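The structure under discussion appears below in the form of structure tokens.
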Amino acid sequence: MDIKLMLSKILKKTTGEDVSNILEIPADPSRGDISLPCFFLSKKLKKSPVDIASEFVEKIKLPAMFSKVENEGPYLNFFLNKNLYSNKLIEEIFSLKGEYGGNSIGKSKNVVVEYSSPNIAKSFGIGHLRSTLVGNAIANIHKFNGYNVIRINYLGDWGTPFGKILFGYEKFGSKKSLKEDPVKHLFDLYVKMNKNEDYDEESKEYFKRLESGDKSLVKQWKLFRELSIKEFKEIYSLLGVKFDVYSGEAEYNSKLGGVIKELTKKKLLVEDDGANVVKLGDLGVALIQKSDGSSLYMTRDIATAIDRYKKYKFDKMIYEVGSEQKLHFRQLFEVLNLMGNKWSKDCVHIAHGMYLDEDGKKFSTRKGKTVFMKDVLNETVKLAEKSIKGRNVSKNAAMEIAKAAIIYGDLKNHPGRDAIFNIDKFLEFSGDTGPYLLYTYARANSIVSDFKVRKFSDVVLEENEFKLIKMMGEFPSIVKNSMENINPSVVSHYSYELCQSFNEFYHSCKVVGSPSEAFRINLVKSFMIVLENSLSLLGINVVKRM
RNA sequence: GGGUGCGUAGCUCAGCUUGGAUUAGAGCACUAGCCUUCUAAGCUAGGGGUCGAGGGUUCAAAUCCCUUCGCGCCCGCCA
């Protein structure tokens with residue numbers, strides 16, 4: 001029972017407009033539980049919003065869910081029938097449980113979400129953490145909105161960097177180091193090769209040989225890829241992130257010829273400085289084929305997109321990739337469009353900002369070294385274990401706390417902006433942090449874990465009690481909003497506010513032993529369901545005891 | 001130079017899509033209260049802001065438009 005939806009249906013009769021996005025919840029509850037600003041009708045009706053409000057207030061027929069409607073200046077303020085609303089909402093949450101908040105907007109629609117996508121030759125650095133977490137949440141949110149979601153990890157497993165590490169491995173590689181710590185070893189080789197320009201020619205040669213199918217190089221490449229994926233999967237499992245498909249640029253190697261043919265046929269491809277390009281006007285030039293004939297990631301991305309559309313007939317394809325690639329994706333979508341693919345308008349690039357360190361400096365160049373995801377995770381778990389010492393928290397919870405700290409620390413930020421990665425702040429147990437959310441859940445659980453859901457009769461609702469209820473009732477529109485804006489931080493902020501409301505309730509309303517005991521037990525239990533649902537969209541698991 | 005994004009409290013951020021009910025909000029830090037009482041990892045109250053600057057549109061601007069300053073990112077053979 002989405003209260004905004006319900007009211008907007010009623011108001012459609014009176015106003016003739018869909019007001020679902022205009023309705024707002026006043027900060028001051030004495031003004032009403034939900035209200036309609038009438039400014040938007042002012043031009044159409046050629047009346048002042050104040051007059052409109054006073055006219056409508058007479059016309060509107062309220063269902064039982066509302067107790068009254070008042071006009072105050074240009075606003076129409078609606079008051080809920082508190083007991084009826086509370087009881088209905090709690091009933092609904094209990095009956096829907098894990099489904100509460102979800103909807104079927106995306107029913108029988110496919111959405112492809114590409115995220116994480118580390119480059120094997122380079123490193124699995126902290127920069128990929130954002131894509132991993134944000135992408136995972138975006139996928140979860142779409143699923144909860146009824147979409148059929150295809151989660152793709154599109155590995156950077158092809159391109160000139162592979163010429164570098166293949167050549168580098170032959171020159172400086174060690175079987176032992178590769179076995180022990182493949183990701184780091186390959187990264188070290190890559191760095192070494194980049195430092196010396198003398199290796200460039202041979203590296204390019206190596207990639208050309210790989211691309212044309214040199215057996216021994218392909219074998220070596222496969223090994224690098226396998227070992228890397230194995231390590232990535234360990235990290236994903238720690239973070240609770242999953243994919244339906246592990247794909248990669250290499251997979252589309254065989255389809256590149258077709259792309260070039262089609263571009264040539266459609267007279268899009270022109271030669272420029274020895275290379276083959278597509279000219280895009282304001283968007284510059286998309287480089288399709290290098291002067292030595294080898295491919296580029298633009299070429300591969302074109303082939304990949306076309307293939308994905310064939311396979312999945314997606315209604316939406318979301319690329320969760322860093323903002324430094326904005327131009328690349330604008331060019332990619334435009335090339336696809338020029339090739340006549342109408343679906344190119346359904347492709348979106350969700351561009352995340354960078355992580356900065358505590359001083360606001362670029363993280364990846366800190367001390368001239370890349371920060372590996374694996375190290376960050378291990379370090380966080382250690383810090384979490386340390387900080388829960390003397391807090392009577394189980395070891396099992398330490399892992400979840402570390403996870404929640406990292407995930408929430410990231411997802412509470414607007415995805416498009418840069419974010420400060422400060423693990424000490426993320427792990428704080430107070431304030432706007434993951435551990436605070438988990439604590440609040442555990443606290444709620446400790447009140448009601450010994451009780452079952454009980455029947456109750458109407459009670460006099462305290463202010464903080466009803467505030468919490470209204471907050472729980474907002475969840476469905478949050479779910480919808482975060483999907484429409486492709487923005488998980490909407491869910492993060494909601495989760496935090498929900499917890500704040502709960503803690504305010506907790507301090508002003510005694511549960512066990514109060515005259516409203518039965519009602520409040522149900523309220524706390526339904527709060528737990530809502531919080532669990534909203535955190536799971538972010539990829540955070542709740543813990544019952546800490 | 002061109003493109004693009006950002007600039008809100010000492011610090012970290014939300015609000016900008018869709019201007020109004022936000023007299024500009026949170027958290028951290030700071031000050032003062034509240035634990036024999038469902039986990040004080042919390043709650044309550046307080047100080048702290050010319051929303052980078054200037055102009056414009058509007059009955060109304062943190063929000064829209066223009067100019068300007070500062071910073072990030074991108075701009076053909078990397079991804």
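Computed from heavy atoms alone, side chains included, the values below leave out hydrogens, waters and symmetry copies. Residue numbers start from 1 in every chain, and the chains themselves are labelled A, B, ... in the order their sequence lines are given, proteins ahead of strands. Keep in mind that what you see is a predicted model, and the values were worked out from it rather than measured.
Judged by Watson-Crick or G-U wobble contacts below 3.5 Å, the nucleotide B:U4 has B:G72 as its partner. Remark: B:U37 base-pairs with no nucleotide; criterion is Watson-Crick or G-U wobble with both hydrogen-bond distances under 3.5 Å. With a cut-off of 3.5 Å on both pairing distances, the Watson-Crick or G-U wobble partner of B:G46 is B:C30.
Between B:C16 and B:A79, the two C1' atoms lie 33 Å apart (nearest whole Å). One P atom belongs to B:G19, the other to B:C59, and the distance between them is 15 Å to the nearest Å. Rounded to the nearest Å, the gap between the C1' atom of B:U8 and that of B:G70 is 16 Å. Atom C1' of B:A61 sits at a distance of 11 Å from the matching atom of B:C65, rounded to the whole Å. Distance check on atom P: B:C34 versus B:G49 gives 29 Å, rounded to whole Å. Comparing the same atom, C1', in B:C35 and in B:A40 gives a spacing of 6 Å after rounding to whole Å.
Of all non-hydrogen atoms in A:Ala397 and A:Met546, the two that sit nearest each other are CB-CA, 4.3 Å. Closest heavy-atom contact between A:Gly284 and A:Gln331: C-NE2, 4.2 Å. Taking all atoms of both residues into account, the shortest heavy-atom contact from A:Tyr252 to A:Arg300 is CB-O, 4.5 Å.
In this structure, the side chain to side chain donor-acceptor pair (under 3.5 Å) partners of A:His352, at least two apart in sequence or on a different chain, are A:Glu320. Applying the side chain to side chain donor-acceptor pair (under 3.5 Å) rule to A:Thr380 yields no partners; only residues at least two apart in sequence or on another chain are considered. With sequence neighbours left out, A:Lys290 forms a side chain to side chain donor-acceptor pair (under 3.5 Å) with no residue at all. Residues that satisfy the side chain to side chain donor-acceptor pair (under 3.5 Å) test with A:Asn71, not counting sequence neighbours, are absent from this structure. Applying the ring-ring contact (aromatic ring centres under 6.0 Å, His included) criterion to A:Tyr319, with sequence neighbours excluded, gives A:Phe329, A:Phe333. In this view, A:Glu400 and A:Lys403 satisfy the salt bridge (Lys or Arg N to Asp or Glu O under 4.0 Å) rule, not counting sequence neighbours.
Atoms CG (A:Leu523) and C1' (B:C38) sit 14 Å apart, rounded to a whole Å. Put simply, CZ on A:Phe505 is 14 Å from P on B:C38, counting in whole angstrom units. Between the CD1 atom of A:Ile420 and the C1' atom of B:G72 there is a distance of 12 Å, rounded to whole Å. Taking atom CD on A:Gln331 and atom C1' on B:U4, their separation rounds to 13 Å, with Å as the unit. If you take NZ of A:Lys4 and P of B:U18, they are 16 Å apart, rounded to a whole angstrom. Here the P atom of nucleotide B:G1 and the CG atom of A:Asp282 are 19 Å apart, to the nearest Å.
Judged purely by distance below 3.5 Å, without hydrogens or angles, the side chains of A:His507 and A:Asn464 never pair a donor atom with an acceptor atom. In this structure, a donor-acceptor pair under 3.5 Å is absent between the side chains of A:Ser430 and A:Tyr436. At a cut-off of 3.5 Å, with distance as the only test, no side-chain donor of A:Ser20 or A:Ser8 sits close to an acceptor on the other residue.
Comparing A:Ser446 and A:Arg330, the nucleotide of RNA chain B nearest to each residue sits closer to the 5' end for A:Arg330.
Regarding contacts with the backbone of B:C43, a side-chain N or O of A:Tyr436 is found under 4.0 angstrom from either OP1 or OP2. Between A:Tyr506 and B:A40, a side-chain N or O to OP1/OP2 separation shorter than 4.0 Å is present.
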Distances under 3.5 Å between protein N/O atoms and the N/O atoms of nucleotides 31-33 of chain B, please, pair by pair.
none

Can you check nucleotides 24-30 of chain B for protein contacts, nitrogen or oxygen pairs under 3.5 Å, and list what you find?
residue : atom : partner  : partner atom : Å
B:G27   : O2'  : A:Asp432 : N            : 3.3

What nitrogen or oxygen pairs link the protein and nucleotides 20-22 of chain B at under 3.5 Å?
residue : atom : partner : partner atom : Å
B:G20   : O2'  : A:Tyr75 : OH           : 2.0
B:A21   : O2'  : A:Glu24 : OE2          : 2.5
B:A21   : N6   : A:Glu72 : O            : 2.8
B:A21   : N1   : A:Asn77 : OD1          : 3.3
B:A21   : N1   : A:Asn77 : ND2          : 3.2

Grab the N/O contacts between the protein and nucleotides 73-79 of chain B below 3.5 Å, and write none if there aren't any.
residue : atom : partner  : partner atom : Å
B:G76   : O6   : A:Asp272 : OD1          : 2.8
B:C77   : O2   : A:Ser291 : N            : 2.7
B:C77   : O2   : A:Ser291 : OG           : 3.3
B:C77   : N3   : A:Ser291 : OG           : 3.2
B:C77   : N4   : A:Asp273 : O            : 2.4
B:C78   : OP2  : A:Thr160 : OG1          : 3.3
B:C78   : OP2  : A:Lys290 : NZ           : 3.0
B:C78   : O3'  : A:Thr160 : OG1          : 3.2
B:C78   : O2   : A:Lys122 : NZ           : 3.2
B:A79   : OP1  : A:Arg300 : NH2          : 2.8
B:A79   : OP2  : A:Tyr297 : N            : 3.3
B:A79   : O3'  : A:Glu249 : OE2          : 2.4
B:A79   : N7   : A:Tyr297 : OH           : 3.3
B:A79   : N6   : A:Tyr297 : OH           : 3.0
B:A79   : N3   : A:Gln325 : NE2          : 3.4

Enumerate the protein-to-nucleotides 69-71 of chain B contacts in which both atoms are nitrogen or oxygen and the separation is below 3.5 Å.
none

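In the set B:C13, B:U18, B:G72, the nucleotide with an atom closest to the side chain of A:Asp418 is B:G72. Distance from the side chain of A:Arg443 is smallest to B:A40 among B:A40, B:C38, B:U12. Among the nucleotides B:G42, B:A41, B:A14, the one closest to any side-chain atom of A:Asn503 is B:G42. Of the candidate nucleotides B:A40, B:G42, B:A41, B:G42 has the atom lying nearest to any side-chain atom of A:His507.
Counting only distance, with no hydrogens or angles, the side chain of A:Asp418 and the backbone of A:Tyr355 share no donor-acceptor pair below 3.5 Å.
Proximity of A:Tyr199 to A:Tyr206: side-chain heavy atoms (C-beta onward) are nowhere separated by under 4.5 Å. No side-chain heavy atom of A:Asp33 sits under 4.5 Å from any side-chain heavy atom of A:Phe78.
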Decide side-chain hydrogen bond (donor to acceptor under 3.5 Å, both in side chains) for A:Asn503 and A:Arg443; before the verdict, give the C-alpha distance in whole Å, the side-chain angles of both, and the deciding distance to 0.1 Å. CA-CA 9 Å; A:Asn503 278 318; A:Arg443 195 181 211 193; 2.7 Å; yes
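With respect to A:Glu70 and A:Lys68, a salt bridge is recorded, a charged nitrogen being found less than 4.0 Å from a carboxylate O. A salt bridge links A:Glu465 to A:Arg520: at least one charged side-chain nitrogen sits closer than 4.0 Å to a carboxylate oxygen. Taking 4.0 Å as the cut-off between side-chain N and carboxylate O, A:Asp292 and A:Lys208 do not count as a salt-bridged pair.
Residues from residues 400-409 of chain A placing a heavy atom under 4.0 Å of any atom in RNA chain B do not occur.
Glycosidic torsion of B:C35 falls within 90° of 0, placing the base in syn.
Checked against a 6.0 Å centroid threshold, the rings of A:Phe426 and A:Phe421 count as neighbours.
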